[in-house]
Amino acid sequence: LRFEVPHYAHGIYSKCEALRILRENVLLIVRDYNRIIASLQPKEQVLFKERIRSLDKKIRPGMTKLTWAAEEVLDYFVNDCRTHAHKVRVIIENYKASNRAIGGSCRKMSETLLVKLDGKKVYEGTEFESEQIRHRSSVQRKLQELHKGIVTVMKKTAEVFHGDGGEVLTHWVKYMEQMDHMVEEALRLNVKWSLQDLSRAINGDGKTMPNPLFKVQVVLSDKIEFSPSIDDIAEFVKRISTELIKTISCFQRLPEIITRRQG
């Protein structure tokens, strides 16, 4: 076309492949950042406010100072931003994994019931009471191990936010209370479902008759007596709910444990 191409256009064209690669690398930073923000709920964004702010600080020169002509520092800038974004993403992924682990432990706590029932077994004398005492003791140890695991996970998560500002710490307290409520709900469901199982064993489910649970001997003397007496059986069954609550009363609140350890 016999148009004279300016020398600076020649210069840009000669670097087109390098600029294309640089553009793709800059887009990788954008994708990394957007992925981090998209992975967080609004409340979680406040919790990770300091991490996001530090990432913003790393990226800001690329939005305010650096240009495509600053070739000597652009590669370093891109690599530094991506490295920092990766560190933030790993922290967030560990936080998410911790939440899943706590949720799984709470589910196990709710499903490891405090009452043991064998639908084919008929209990004699104090056999049922003795078996329930042993079972509650065994389950209590399992629940304590699960609770200890939750505390360990929470302690590791707390280290991430330990040096952050007041607003972050306020949301960290709310997060601890949320996790504590999950543990409380798991224990409440455990007691509820345990008592429901016991009720079905005694009263049936409304569709079928219950299997015999207690063996009662009839003693014939001056009058007809039962051994154990119906009152004794009823009293023991009523006492089970109190014993279940007593079994889970040893668990401390998570904020109390974590705050004490931080102190």
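A quick note: this is a predicted structure, and the numbers were derived from the prediction, not measured.
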Asks: Find out if a path of hydrophobic residues (ILVMFWY) with successive side-chain heavy-atom gaps under 4.5 Å connects Val78 to Val30.
Replies: no
Asks: Does one side chain, of Arg141 or Ser137, offer a donor that lies under 3.5 Å from an acceptor on the other?
Replies: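 Judged by distance alone, the side chains do pair up.
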Asks: Under a single-linkage rule joining Ile, Leu, Val, Met, Phe, Trp and Tyr whose side-chain heavy atoms are separated by less than 4.5 Å, which residues share a cluster with Leu189?
Replies: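 Listed partners: Leu113, Trp193.
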Asks: Please step through side chain to side chain contact (heavy atoms under 4.5 Å, CB included) for the pair Ser194 and Leu198, ending with a clear verdict.
Replies: CA-CA 6 Å; Ser194 296; Leu198 180 61; over 6 Å; no
Asks: Starting from Ile133, can I reach Phe236 by hopping between I/L/V/M/F/W/Y residues whose side chains sit under 4.5 Å apart?
Replies: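 No, no single cluster joins them.
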Asks: Just by distance, do the side chain of Thr242 and the backbone of Lys238 share a donor-acceptor pair under 3.5 Å?
Replies: no
Asks: Could you go through the side chain to side chain contact (heavy atoms under 4.5 Å, CB included) check for Val122 and Phe214 one step at a time?
Replies: CA-CA 5 Å; Val122 179; Phe214 302 107; 5.8 Å; no
Asks: Who passes salt bridge (charged side-chain N to carboxylate O under 4.0 Å, His left out) against Arg53, sequence neighbours left out?
Replies: Glu50
Asks: Does the side chain of Ile248 reach to within under 4.5 Å of the side chain of Leu114, using non-hydrogen atoms?
Replies: yes
Asks: If every non-hydrogen atom of Pro61 is compared with every non-hydrogen atom of Phe77, which pair is closest and at what distance?
Replies: CB-CE1, 4.3 Å
Asks: What is the minimum heavy-atom distance between Gln45 and Ile37, and which atoms define it?
Replies: NE2-O, 3.5 Å
Asks: Are the charged groups of Arg51 and Asp164 less than 4.0 angstrom apart, N to O?
Replies: yes
Asks: May I have all residue pairs that pass side chain to side chain donor-acceptor pair (under 3.5 Å) and include part of residues 113-124, sequence neighbours excluded?
Replies: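 Found Lys121-Glu127, Lys121-Glu131, Tyr123-Glu131.
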Asks: Within the structure provided, determine whether Asp197 and Arg200 are in side-chain contact (heavy-atom separation under 4.5 Å).
Replies: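 SC-SC contact between Asp197 and Arg200 confirmed.
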Asks: Where is the tightest heavy-atom contact between Leu117 and Ala201, given as atom of each residue plus distance?
Replies: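 Taking Leu117 first and Ala201 second, the nearest heavy atoms are CD1-CB, 3.8 Å.
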Asks: Would you compute the distance between atom CE of Met182 and atom CG of Leu254 and round it to the nearest 0.5 angstrom?
Replies: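 So the gap between those two atoms works out to 10.0 Å.
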Asks: Treat each ILVMFWY residue as a node, draw an edge where side-chain heavy atoms are under 4.5 Å apart, and state whether Val46 and Met176 are in one component.
Replies: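 Different clusters: Val46 never reaches Met176 through Ile, Leu, Val, Met, Phe, Trp or Tyr contacts under 4.5 Å.
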Asks: Are the side chains of Ser138 and Lys142 in touch, meaning some heavy atoms are under 4.5 Å apart?
Replies: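 Contact flag for Ser138/Lys142 side chains = yes.
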Asks: Mind checking what makes ring pair (Phe, Tyr, Trp, His ring centres under 6.0 Å) contact with Phe161, not counting sequence neighbours?
Replies: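 If we apply the ring pair (Phe, Tyr, Trp, His ring centres under 6.0 Å) test to Phe161, skipping adjacent residues, the hits are Phe48, Trp172.
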Asks: Could you check if a side-chain atom of Ile92 sits within less than 4.5 angstrom of a side-chain atom of Arg35, using non-hydrogen atoms only?
Replies: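 Result no, sub-4.5 Å side-chain heavy-atom pair not found.
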Asks: Does the pair Val139 and Thr247 meet the rule for a side chain to side chain contact (heavy atoms under 4.5 Å, CB included), with working shown?
Replies: CA-CA 9 Å; Val139 170; Thr247 301; over 6 Å; no
Asks: Look only at the side chain of Glu44 and the backbone of Gln41, and say whether a donor-acceptor pair between them is shorter than 3.5 Å.
Replies: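 Yes; judged by distance alone, with no hydrogens or angles, the pair exists.
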Asks: Measure the CE-CD1 distance between Met63 and Ile59 for me, rounded to the nearest 0.5 Å.
Replies: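 The distance works out to 8.0 Å.
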Asks: Has Lys96 got a side-chain atom pairing as donor or acceptor with Ser39's backbone, closer than 3.5 angstrom?
Replies: yes
Asks: Decide yes or no on side-chain hydrogen bond (donor to acceptor under 3.5 Å, both in side chains) for Asp180 and Tyr175, but give the supporting numbers first.
Replies: CA-CA 9 Å; Asp180 184 67; Tyr175 170 77; over 6 Å; no
Asks: Distance-only, no hydrogens or angles: does the Ser199 side chain make a donor-acceptor pair with backbone N or O of Leu195 under 3.5 Å?
Replies: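 Such a contact is absent between Ser199 side chain and Leu195 backbone.
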Asks: Hydrophobic clustering (ILVMFWY, side-chain heavy atoms < 4.5 Å, transitive) - are Ile52 and Leu47 grouped together?
Replies: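 Result: yes, single cluster for both.
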Asks: For the residue pair Cys250 and Gln144, establish whether any side-chain heavy-atom pair is separated by less than 4.5 Å.
Replies: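 Yes, their side chains come closer than 4.5 Å.
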Asks: With no hydrogens and no angle check, is any side-chain donor or acceptor of Ser249 less than 3.5 Å from a backbone partner on Lys246?
Replies: yes
Asks: Do the non-hydrogen side-chain atoms of Asp232 and Glu235 ever get within less than 4.5 Å of each other?
Replies: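 No, every pair of side-chain atoms sits at 4.5 Å or beyond.
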Asks: In terms of hydrophobic clustering (I, L, V, M, F, W, Y; side-chain heavy atoms under 4.5 Å; direct or indirect links), are Val218 and Leu213 co-clustered?
Replies: yes
Asks: Step through the shown structure and confirm whether more than 12 heavy atoms of other residues, nucleotides or ligands are within 6.0 Å of CG on Leu27.
Replies: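 Correct, the count exceeds 12.
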Asks: Give the intermediate values and the outcome of side chain to side chain contact (heavy atoms under 4.5 Å, CB included) for residues Lys43 and Lys174.
Replies: CA-CA 10 Å; Lys43 292 181 180 179; Lys174 292 180 180 179; over 6 Å; no
Asks: So Leu55 and Tyr33, do their side chains get closer than 4.5 Å, heavy atoms only?
Replies: yes
Asks: For Asn94 and Ser98, test the side chains for any donor-to-acceptor distance below 3.5 angstrom and give the result as yes or no.
Replies: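 Their side chains do not contain a donor-acceptor pair, so the 3.5 Å distance test is not met.
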Asks: Which pair of non-hydrogen atoms, one from His162 and one from Leu169, has the smallest distance, and what is that distance?
Replies: O-CD2, 4.4 Å
Asks: Indicate yes or no for a side-chain donor-acceptor contact from Arg82 to the backbone of Val26 under 3.5 Å, with no hydrogens or angles considered.
Replies: no
Asks: First locate atom OG1 of Thr112, then atom CG of Leu187, and finally report the distance between them rounded to the nearest 0.5 Å.
Replies: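 So the gap between those two atoms works out to 10.5 Å.
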Asks: Taking the side chain as every heavy atom from C-beta outward, state whether Met109 and Ile150 have any pair of such atoms under 4.5 Å apart.
Replies: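 When only atoms from C-beta onward are counted, Ile150 and Met109 do touch, with a gap below 4.5 Å.
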Asks: Check Pro210 against Gly204 and note the closest heavy-atom contact, atom names and distance.
Replies: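 For Pro210 versus Gly204, the nearest heavy atoms are CB-N, 3.6 Å.
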Asks: Who passes salt bridge (charged side-chain N to carboxylate O under 4.0 Å, His left out) against Lys108, sequence neighbours left out?
Replies: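 So Lys108 forms no salt bridge (charged side-chain N to carboxylate O under 4.0 Å, His left out) with any residue.
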Asks: Measure the spacing between CG of Asn34 and CD1 of Ile29 and express it to the nearest 0.5 Å.
Replies: 12.0 Å
Asks: How far does NE2 of His147 sit from CE of Met154, to the nearest 0.5 angstrom?
Replies: 9.5 Å
Asks: Quick check for you: to the nearest 0.5 Å, what is the distance between Ile258 atom CD1 and Met179 atom CE?
Replies: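 The CE atom of Met179 is 12.0 Å from CD1 of Ile258, to the nearest 0.5 Å.
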Asks: More than 12 heavy atoms of other residues, nucleotides or ligands under 6.0 Å from CZ of Arg107: yes or no?
Replies: no
Asks: Arg253 vs Glu177, test: salt bridge (Lys or Arg N to Asp or Glu O under 4.0 Å). Steps then yes/no.
Replies: CA-CA 9 Å; Arg253 294 286 186 178; Glu177 291 172 349; over 6 Å; no
Asks: Can you name the residues that form a salt bridge (charged side-chain N to carboxylate O under 4.0 Å, His left out) with Asp56, not counting sequence neighbours?
Replies: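 Result, salt bridge (charged side-chain N to carboxylate O under 4.0 Å, His left out) vs Asp56: none returned.
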Asks: Out of His84, Lys87, Lys49, which one pairs with Ser54 under the side chain to side chain donor-acceptor pair (under 3.5 Å) rule?
Replies: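 Result for side chain to side chain donor-acceptor pair (under 3.5 Å) with Ser54: His84.
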Asks: Are Lys192 and Glu185 close enough for a salt bridge, meaning some N to O gap below 4.0 Å?
Replies: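 Salt bridge between Lys192 and Glu185, a charged N being under 4.0 Å from a carboxylate O: no.
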